[in-house]
Amino acid sequence: MSYFKKLWSELLNLVFPPLQCCPFCGIASENGEICSFCRQEIVDFQQQPHCNRCGRRRTSKKLSFSSGKVLNTLDKLFSCADCLNQEKTFKMARAIGTYEGGLKEAIHKFKFKRQRYLAQLLGPLLVNVFWTCPAYQKVQVVVPVPLTLRRLRERGFNQAELLAREVARALNLPLFLTLVKARETTPQTGLKREQRMDNLKGAFKVERPFLVANKTVLLIDDVFTTGATIEECSRTLTSAGAKEVYVLTVATGNSYG
Ligand SMILES: [Zn+2]
Ligand SMILES: [Zn+2]
């Protein structure tokens, strides 16, 4: 939401105190539903050009070409520089919107202020994205990105698991908590690409590989930023025998070109 729109809404709130607020951005909204600003942010994102592979918004209109790899025409035309130059094991990643505005506020409330009910609002929005992608229709099982046991005890819940439960229930698919995080990793922020991948190497494992063997997996997380965590989870699932991995997250970052 733009600064002025937010300021105007705040002023209106002062004159006419709201009875109910948007669960994402907190401005007054009818019946406490997601407000029109937050909905519009999602619509705008869905209409912008995306990387065909990672689903991040493309900030550059330049075409990206990889260094000597054989790629199909679609990938050449619609992939971001990051996906062209770095092999990905997941087939596609898609998100509800970018990690900014109302969606960012929603994720913060959900994750850090423990407003768990937000999973019930974000889940259907994830399902909407699922239905707009024909390739996703072949997924057979839903798997959330895990937390370490220590982090799980600190937070009290795994946000990705709550989202995955909503999605699995709506799609009538089995939910398997078989991907686990075996060790704590240092925060990825500020690390270079190689350092990020090293930091995550071996951090995840599949406890019961037969649950994902030869299956098309839908991997769920809250945010796709650099994609390093998602890629490591996808690689781990693929090594454990998963046929293909598709990814759904609430929010995503911008692509690198
Ligand atoms: Zn809102
Ligand atoms: Zn990409």
Side-chain angles (χ1 to χ4, degrees), residues 1-13 18-45 48-67 69 71-110 113 115 117-118 121-122 124-125 133 135 193 196-197 219 221 223-231 234 245-257:
M1 188 192 309
S2 79
Y3 174 75
F4 290 107
K5 274 183 186 166
K6 185 138 193 169
L7 187 68
W8 177 243
S9 298
E10 296 291 341
L11 281 171
L12 282 178
N13 287 357
L19 292 173
Q20 286 174 307
C21 299
C22 168
F24 288 6
C25 71
I27 69 162
S29 74
E30 208 171 324
N31 303 321
E33 287 171 1
I34 301 167
C35 76
S36 56
F37 298 124
C38 288
R39 288 194 180 278
Q40 192 58 45
E41 281 176 345
I42 294 168
V43 172
D44 289 347
F45 170 78
Q48 284 160 350
H50 295 87
C51 167
N52 196 39
R53 176 61 73 97
C54 72
R56 284 178 288 186
R57 187 167 58 183
R58 295 182 67 184
T59 48
S60 164
K61 289 195 170 60
K62 277 190 303 188
L63 297 184
S64 311
F65 294 98
S66 84
S67 44
K69 282 200 205 102
L71 295 154
N72 67 40
T73 314
L74 265 182
D75 271 349
K76 273 184 186 161
L77 285 176
F78 300 115
S79 288
C80 69
D82 183 44
C83 287
L84 285 179
N85 293 315
Q86 198 69 33
E87 201 68 41
K88 300 282 190 289
T89 57
F90 57 84
K91 296 296 281 184
M92 281 171 88
R94 291 293 181 267
I96 300 168
T98 45
Y99 190 50
E100 55 193 22
L103 220 41
K104 186 174 182 176
E105 291 187 51
I107 290 171
H108 276 239
K109 287 178 190 171
F110 178 38
K113 295 190 179 171
Q115 298 189 8
Y117 77 96
L118 284 169
L121 299 179
L122 294 167
L125 294 175
C133 304
R193 169 183 294 284
R196 285 200 304 260
M197 296 315 285
L219 181 65
D221 204 2
V223 188
F224 183 117
T225 42
T226 66
T229 302
I230 292 289
E231 173 53 24
S234 167
V245 177
Y246 288 84
V247 180
L248 264 185
T249 62
V250 171
T252 192
N254 287 328
S255 72
Y256 299 113

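Heads up: numbering here begins at 1 and tracks the sequence. Start at 1 and go down the list; that is how both ligands and their atoms are numbered. Here the structure is a predicted model, which is why all the values come from computation and not from measurement.
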Trainee: With the Zn ion (ligand 1) at the centre, find the angle made by SG from C35 and SG from C22, to 10°.
Mentor: 110°
Trainee: Check whether any side-chain N or O of K109 sits under 3.5 Å from a backbone N or O of F24 as a donor-acceptor pair, and report yes or no.
Mentor: yes
Trainee: State, without any angle test, whether S29 and Q20 hold a side-chain donor-acceptor pair at a distance under 3.5 Å.
Mentor: no
Trainee: With R56 as reference, evaluate T226, T98, D82 under the side-chain hydrogen bond (donor to acceptor under 3.5 Å, both in side chains) test and give the passing residue.
Mentor: D82
Trainee: Just do the side chain to side chain donor-acceptor pair (under 3.5 Å) check on D44 and Q48 with the steps written out, would you?
Mentor: CA-CA 6 Å; D44 289 347; Q48 284 160 350; 5.9 Å; no
Trainee: Could you grab the angle centred on the Zn ion (ligand 1), going from SG in C38 to SG in C25, to 10°?
Mentor: 110°
Trainee: Can you tell me, to 10 degrees, how wide the angle at the Zn ion (ligand 2) is between SG on C54 and SG on C80?
Mentor: 110°
